[in-house]
Asker: 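First the structure, then my questions, so here it is.
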Amino acid sequence: MAVSPGGKSSEAVAAGGAAPSGAGAPAARRHSRLTVLSGPSGVGKSTVAAELRRRHPDIWISVSVTTRKPRPGEVDGREYRFVDEREFDRLVASGELLEWAEFAGSKYGTPREPVRRRIGQGLPTLLEIDLVGARQVRKSMEDAVLVFLAPPSWEELVRRLTGRGTESAEVIERRLDVARQELAAAGEFDHTLVNTSVEEVCRQMVTLINSYQ
Ligand code: 5GP
């Protein structure tokens with residue numbers, strides 16, 4: 001399997017190496033552990049999330065709020081809940097977001113309550129967020145499992161970031177700057193998966209999520 005140096009493989013986890021309750025009888029767990037998928041923009045996080053949503057509806061994926069305008073094909077309430085600045089600021093001020101970050105001129109955040117509810121019910125729960133948000137989750141939820149999605153190469157990441165064709169040159173350049181910093185952060189994560197194919201990463205994600213339930 002593809003993992004970057006120092007990263008743990010999902011096989012190792014599945015074999016019991018990092019399973020929360022050891023190799024014996026599983027301890028009763030009232031809540032599930034939150035899984036966070038992060039990594040540079042353009043690496044394919046949202047594609048992996050969409051594929052997981054399609055193939056594994058049992059894994060609940062949080063719908064973020066954002067001040068970004070919808071892209072063609074995006075549906076309010078499915079990819080994101082699209083809100084204006086005023087509503088986003090209200091959500092922040094009232095503590096309704098588990099984490100939030102500003103990215104390339106727009107704000108993104110995770111509504112706290114739905115995540116709390118799913119975890120409390122012991123259901124597999126996933127966030128797909130940027131690095132700034134992942135660090136906030138690390139601080140506020142110590143047992144969250146952080147997964148870093150890495151590109152097969154820097155060239156491939158640049159190709160993906162510039163090939164989307166929906167953003168201005170200025171936005172792409174800002175995203176590349178952030179991506180350079182984000183790639184260096186892989187060591188902060190519990191696991192690193194290299195996005196060689198969406199199907200393979202999905203398979204590894206499911207193995208990881210199940211091993212931490
Ligand atoms: P995009 O505009 O391409 O959909 O997303 C831009 C970046 O925002 C991606 O890296 C994505 O993972 C991140 N993102 C999406 N939702 C959230 C969120 O709720 N919180 C944070 N911190 N980042 C998010």
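Ligands are counted one by one from 1 in listed order, and the atoms in each one are counted from 1 as well. Only heavy atoms go into these numbers, but all of them, side chains included; no hydrogens, no water, no symmetry mates. Quick note: residue numbers are just sequence positions, from 1.
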Asker: Flag the pair Arg68 and Glu74 as a salt bridge only when some basic side-chain nitrogen lies within less than 4.0 angstrom of an acidic carboxylate oxygen.
Answerer: yes
Asker: Would you say Val132 contacts ligand 1, with heavy atoms under 4.0 Å as the rule?
Answerer: no
Asker: So, Tyr108 versus Tyr80, ring centres under 6.0 angstrom or not?
Answerer: yes
Asker: Check whether any N or O atom of Gly39, backbone or side chain, sits under 3.5 Å from an N or O atom of ligand 1, and answer yes or no.
Answerer: no
Asker: Using a strict 4.0 Å threshold on nitrogen-to-oxygen distance, state whether Lys107 and Asp89 make a salt bridge.
Answerer: yes
Asker: Set out, in order, the CA-CA distance, both residues' side-chain angles and the distance that settles side-chain contact (heavy atoms from CB on, under 4.5 Å) for Leu37 and Leu149, then state yes or no.
Answerer: CA-CA 7 Å; Leu37 179 64; Leu149 189 62; 4.0 Å; yes
Asker: I need the contact type for Lys69 against ligand 1. Using non-hydrogen atoms and a strict under-4.0 Å cut-off, is it side chain, backbone, both or neither?
Answerer: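 Near ligand 1, Lys69 shows nothing, with every heavy atom at 4.0 Å or more.
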Asker: I'd like to know if the side chain of Glu170 pairs up with that of Ser168 as donor and acceptor (distance under 3.5 Å, no hydrogens or angles considered).
Answerer: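 Checked: Glu170/Ser168 side chains show no N/O donor-acceptor pair below 3.5 Å.
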Asker: Take every heavy atom of Gly109, measure it against each atom of ligand 1, and state whether any distance is under 4.0 Å.
Answerer: yes
Asker: Inspect the contact between Arg135 and Asp130 and indicate whether a charged nitrogen and a carboxylate oxygen are less than 4.0 angstrom apart.
Answerer: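 No, Asp130 and Arg135 are not salt-bridged.
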Asker: Closer than 4.0 angstrom: is that true for some heavy atom of Arg71 and an atom of ligand 1?
Answerer: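 Contact check Arg71 vs ligand 1: positive.
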Asker: Pick whichever of Lys45, Glu128, Glu99 has a heavy atom sitting closest to atom 21 (C) of ligand 1.
Answerer: Glu99
Asker: Which of the listed options, Ser64, Ser106, Ala179, holds the heavy atom that is closest to atom 16 (N) of ligand 1?
Answerer: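 The option holding the nearest heavy atom is Ser64.
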Asker: Using salt bridge (Lys or Arg N to Asp or Glu O under 4.0 Å) as the criterion, list what pairs up with Glu156, not counting sequence neighbours.
Answerer: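 By the salt bridge (Lys or Arg N to Asp or Glu O under 4.0 Å) rule, Glu156 matches Arg159, Arg160.
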Asker: As an exercise, identify every atom of ligand 1 less than 4.0 angstrom from a heavy atom of Arg68.
Answerer: 1 (P), 2 (O), 4 (O)
Asker: For atom 13 (C) of ligand 1, state which one of Asp130, Thr110, Leu98 supplies the nearest heavy atom.
Answerer: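 Selected option, by shortest heavy-atom distance: Asp130.
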Asker: Quick one: does ligand 1 sit under 4.0 Å from the side chain of Tyr108, the backbone, both or neither, non-hydrogen atoms only?
Answerer: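 Both of them.
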Asker: Listed by chain and number, what are the ring-ring contact (aromatic ring centres under 6.0 Å, His included) partners of Phe103, not counting sequence neighbours?
Answerer: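 Checked Phe103 against ring-ring contact (aromatic ring centres under 6.0 Å, His included); zero matches.
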Asker: For ligand 1, which atoms, with element, lie under 4.0 Å from some heavy atom of Gly133?
Answerer: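 Close to Gly133: 22 (N).
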